[in-house]
Amino acid sequence: MSSPAPWQRAADAAGLLDEQGRPAATVFGVMSALAAERGAINLGQGFPDEDGPAAVLEAARRAIRDGANQYPPARGVAPLREAIATHQRERYGIPVDPERETLVTVGATEAIAASLLAFVDRGDEVVTIEPYYDAYAAIIGLAGGVHVPVPTRFPDFRPDHDDLRRAIGPRTRVILLNSPHNPTGAVLDRGTLALIVELAERHGATIVSDEVYEHLVFGAPHTPVASLPGAWERTITISSAAKTLSVTGWKIGWLTAPPELVDAVLAVKQYLSYVGGAPFQPAVALGLGMLDTWIPPLRRQLDGNRAVLTGALEAAGFAVNRPAGTYFLVADGREAGMPDARAAARRLVEEAGVVAIPLDAFVRRESAAEHAGLLRFAICKRPEVIAEAAGRIRSLPGARP
């Protein structure tokens, strides 16, 4: 029997092959189609239903009118690279050279993919926190790596330090972090980050840190792993305008890292997309300079949405985690008599007209039972949409008024 093709490795790692080995629809696609069919409120996919700052949108229009419509430089336009470097220095105290230590990518997912393809060879181990953003498993499979997830559990979703020590070893090539964490909203504490840096240094691993929700936190300020002692020289830090500026369709991401790491990622990235989003890049540069006015009200709105939806879910019998950030919260349907998350998701659509995503879409098949009954809800919608969804959930049979 021939070895699986790269696309088959990627699809299988993401759980997207059916019993005949053919590509299957994603849970996201199935639930979004069901939402459209039933006219349900879609709290499944994590994208906002409002645009980003008006000045940023106008800057993109102006760039198009002014002719910024051809290939930008391979590393990204200078104003954006300078804005990224300034952001890292002023907010986190991390000095970054905009010429050699920044790279603009087609969204954060391309930055993650190019980083893994640059450093992971067949048989190399890549450690993640489970649950994980669904693209991670597919990219690891595409690279031929061995996925080593570290389990976390409802409601706090924080990895046990002994589990980290067992997972990270001599075969670990990359430790792929995500904090604030999609899909659970958890945030890794400084002690956990320090342990990860220590283990990475001990075993010669590269840290790839996905920090796209860095500004959407509800408590303590975000701590980039690269800001910890000993971390910078082995860390690729990734972020994006998508969540920070509510422009998910623009696909402008970036990474910062020492020059030798950036050069390696660029060597792969240039054969993926080459470049992207020329008129959006100067607009994002402008946006990074106005975060102090844009982010606080966005953060308050998300936290308010979280409270409203949490109240409704708890009234319907769900246990709900308290996310420290991101677009998401996780609800446990087992206490509400819904032990099967996929059945619960369909019931919510049919009886309440609200779409959620089963959390087992973000774990390996062999871990699915540990996350039975858990649903992810997106809170990144207008308050009136969240209020309508909350009202529908409260209408479920047996819910408290």
Side-chain angles (χ1 to χ4, degrees), residues 14-15 25-35 40-49 128-137 149 151-158 178-187 210 212-213 216 218 242-243 248 302-303 305-314 316-336 338-349 352-365 367-381 385-386 389-390 392-393:
T26 67
V27 173
F28 304 95
V30 170
M31 296 307 298
S32 291
L34 194 58
I41 296 173
N42 190 350
L43 303 185
Q45 289 185 288
F47 59 88
D49 57 0
T128 70
I129 305 299
E130 186 179 48
Y132 43 79
Y133 173 49
D134 57 321
Y136 294 169
T152 63
R153 293 172 180 82
F154 182 88
D156 63 356
F157 293 107
R158 292 189 177 181
N178 178 210
S179 179
H181 182 249
N182 175 12
T184 69
V187 171
D210 175 358
V212 298
Y213 292 98
L216 305 184
F218 309 136
K243 309 304 190 295
T248 60
L302 288 170
D303 199 23
N305 287 351
R306 178 202 58 76
V308 169
L309 193 59
T310 294
L313 287 164
E314 289 178 343
F318 289 83
V320 184
N321 76 330
R322 185 176 178 87
T326 76
Y327 278 175
F328 309 109
L329 61 78
V330 176
D332 186 347
R334 287 171 289 196
E335 294 188 17
M338 301 182 197
D340 182 328
R342 300 207 173 204
R346 288 187 173 274
R347 179 181 168 189
L348 280 171
V349 173
V354 174
V355 171
I357 296 294
L359 203 69
D360 64 14
F362 304 93
V363 304
R364 298 163 299 160
R365 294 182 186 92
S367 301
E370 298 176 24
H371 300 277
L374 300 179
L375 296 166
R376 188 194 77 170
F377 292 82
I379 58 173
C380 52
K381 309 299 180 181
V385 173
I386 295 294
R392 294 184 182 191
I393 290 169

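For reference, positions follow the sequence shown, starting with 1. When reading the values below, keep in mind they use all heavy atoms of this one structure, side chains included, and skip hydrogens, waters and symmetry mates.
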Next on the checklist: Quick one, Val320 with Leu309, criterion side-chain contact (heavy atoms from CB on, under 4.5 Å). Give me CA distance, side-chain angles, the key distance, then yes/no.
Outcome noted: CA-CA 10 Å; Val320 184; Leu309 193 59; over 6 Å; no

Checklist entry - Given Leu313 and Thr310, is the side-chain contact (heavy atoms from CB on, under 4.5 Å) satisfied, shown in steps? => result CA-CA 5 Å; Leu313 287 164; Thr310 294; 5.8 Å; no

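In this structure a side-chain-to-backbone donor-acceptor pair under 3.5 Å is missing from Asp332 to Ala319. Checking side-chain atoms of Arg376 against main-chain N and O of Gly44 turns up a donor-acceptor pair under 3.5 Å. Within the 3.5 Å criterion, the main-chain N or O of Pro48 finds no donor-acceptor partner in the side chain of Tyr327. Side chain of His181 to main chain of Arg158: no donor-acceptor pair is present (N/O by atom type, distance under 3.5 Å, no hydrogens or angles). With hydrogens and angles ignored, the 3.5 Å screen pairs a side-chain donor or acceptor of Arg392 with a backbone N or O of Gly353. Formation of a donor-acceptor pair under 3.5 Å by the Asn178 side chain with backbone atoms of Asp210 is found in this model. Listed for the Asn182 side chain is no donor-acceptor partner under 3.5 Å among the backbone atoms of Tyr133.
Surrounding CZ of Arg334 are more than 12 heavy atoms belonging to other residues, nucleotides or ligands, all under 6.0 Å away. Arg347 CZ: more than 12 foreign heavy atoms inside a 6.0 Å radius.
By the 4.5 Å heavy-atom criterion applied to side chains, Arg322 and Phe218 are not counted as neighbours. Side chains of Asn321 and Leu329 form a contact here, defined as non-hydrogen atoms less than 4.5 Å apart. Contact of the Phe328 side chain with the Ile357 side chain is not registered, since no non-hydrogen atoms from C-beta on lie closer than 4.5 Å. Side-chain contact between Ile386 and Leu43: present, with at least one pair of heavy atoms (C-beta onward) separated by less than 4.5 Å. With contacts defined as side-chain heavy-atom distances shorter than 4.5 Å, the pair Phe377/Val354 qualifies. Residues Asn305 and Val308 have side chains not in contact (no heavy-atom distance under 4.5 Å, counting atoms from C-beta outward). Contact check for Thr326 versus Leu216: no side-chain heavy atoms found under the 4.5 Å cut-off. Annotation: side chain of Pro131 is in contact with side chain of Thr152 (closest heavy-atom distance under 4.5 Å).
Of all the heavy atoms in Ala389 and Ile41, the pair that sits closest is N-CD1, 3.6 Å. Closest approach of Ala390 and Ala312 over heavy atoms only: O-CB, 3.4 Å. Leu359 and Pro183 make their closest contact through CD1-CG, 3.6 Å (heavy atoms, listed as atom of the first residue, atom of the second, distance). Heavy-atom minimum distance, Leu375 versus Phe318: CD1-CE2, 4.1 Å. Here the closest heavy-atom approach between residue Ala378 and residue Gly46 is recorded as CB-CA, 4.3 Å.
Geometrically, Lys381 engages Phe47 in a cation-pi contact defined by less than 6.0 Å to the ring centre and at most 45° from the axis.
With sequence neighbours left out, the side-chain hydrogen bond (donor to acceptor under 3.5 Å, both in side chains) criterion links Asp134 to no other residue.
Between Glu130 and the options Arg364, Arg153, Arg365, a salt bridge (Lys or Arg N to Asp or Glu O under 4.0 Å) holds for only Arg364.
Considering NZ of Lys243 and CG of Leu302, their distance stands at 12.0 Å, rounded to 0.5 Å. A distance of 10.0 Å separates CD of Glu314 from CD of Glu335, quoted to the nearest 0.5 Å.
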